[in-house]
Amino acid sequence: SCFDIVLESQESPPAAGASSSGNHPAQEGDAIGAADRMLEIGDELVHDPSKLVEAETWKKVMIEVAVDTNLAALVLTVVGASYHAWGYAQYRQAKEQERRLHELGAD
């Protein structure tokens with residue numbers, strides 16, 4: 001089950017310089033490690049097409065896809081929040097400029 005994967009990863013942490021799959025050296029960011037894991041799964045399927053009907057194989061694929069899409073959603077959320085904060089700062093500056101222009105015109 002999914003809990004088995006979590007428990008396995010907690011019991012035996014990867015050695016220094018190894019990715020979480022344990023087969024590849026650590027790369028910049030975990031995105032490369034995720035790509036490597038997807039390639040490993042793809043290689044398994046190419047060499048043993050009977051694994052296409054195994055639930056374990058599909059579970060691995062679904063986990064990798066979920067991890068990658070959740071990371072992408074998190075990044076997009078942070079980018080969107082930053083963009084909105086920048087827009088709000090621009091709006092406040094424009095309103096302040098408008099207020100000053102009205103004060104100068106009223107004098």
Side-chain angles (χ1 to χ4, degrees):
S1 73
C2 294
F3 297 112
D4 295 336
I5 294 171
V6 172
L7 291 175
E8 288 173 8
S9 67
Q10 290 176 351
E11 290 173 3
S12 56
S19 70
S20 58
S21 67
N23 297 330
H24 302 287
Q27 304 282 336
E28 288 184 31
D30 196 37
I32 294 173
D36 286 344
R37 287 188 297 274
M38 286 301 289
L39 287 172
E40 288 174 4
I41 294 169
D43 286 343
E44 281 181 34
L45 294 175
V46 167
H47 292 95
D48 188 5
S50 66
K51 291 192 178 216
L52 278 172
V53 296
E54 291 180 7
E56 185 68 24
T57 302
W58 287 105
K59 183 175 77 171
K60 288 179 186 178
V61 170
M62 299 292 250
I63 288 171
E64 292 302 325
V65 169
V67 167
D68 293 343
T69 54
N70 284 336
L71 179 61
L74 179 62
V75 168
L76 288 174
T77 299
V78 170
V79 168
S82 301
Y83 180 75
H84 282 282
W86 175 80
Y88 181 69
Q90 296 295 313
Y91 169 76
R92 289 195 46 151
Q93 287 177 358
K95 292 302 272 183
E96 180 63 23
Q97 183 180 9
E98 181 183 35
R99 185 188 63 78
R100 288 183 183 166
L101 286 175
H102 283 299
E103 285 178 358
L104 288 174
D107 289 341

Nearest 0.5 Å, what's the [atom1]-[atom2] distance between [X] and [Y]?
X	Y	atom1	atom2	value
Lys60	Glu64	NZ	CD	10.0 Å
Asp68	Ile63	CG	CD1	12.0 Å
Ile41	Asp36	CD1	CG	11.0 Å
Leu39	Arg37	CG	CZ	11.0 Å

All side chain to side chain donor-acceptor pair (under 3.5 Å) counterparts of [X], not counting sequence neighbours:
X	value
Arg99	Glu96, Glu103
Glu54	none
Thr69	none

Side-chain heavy atoms under 4.5 Å apart, restricted to Ile/Leu/Val/Met/Phe/Trp/Tyr: what other residues fall into the cluster of Trp86, or is it alone?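 Same cluster as Trp86: Tyr83.
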
May I ask you to list the residues sharing a hydrophobic cluster with Val78, side-chain cutoff 4.5 Å, ordered by chain and number? none

Does Lys95 pair with Glu98 as a salt bridge, N-O distance under 4.0 Å? yes

Applying side chain to side chain donor-acceptor pair (under 3.5 Å), which residue pairs with at least one partner in residues 41-51 are found, sequence neighbours left out?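 Of all non-adjacent pairs touching residues 41-51, those that pass side chain to side chain donor-acceptor pair (under 3.5 Å) are Asp48-Ser50.
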
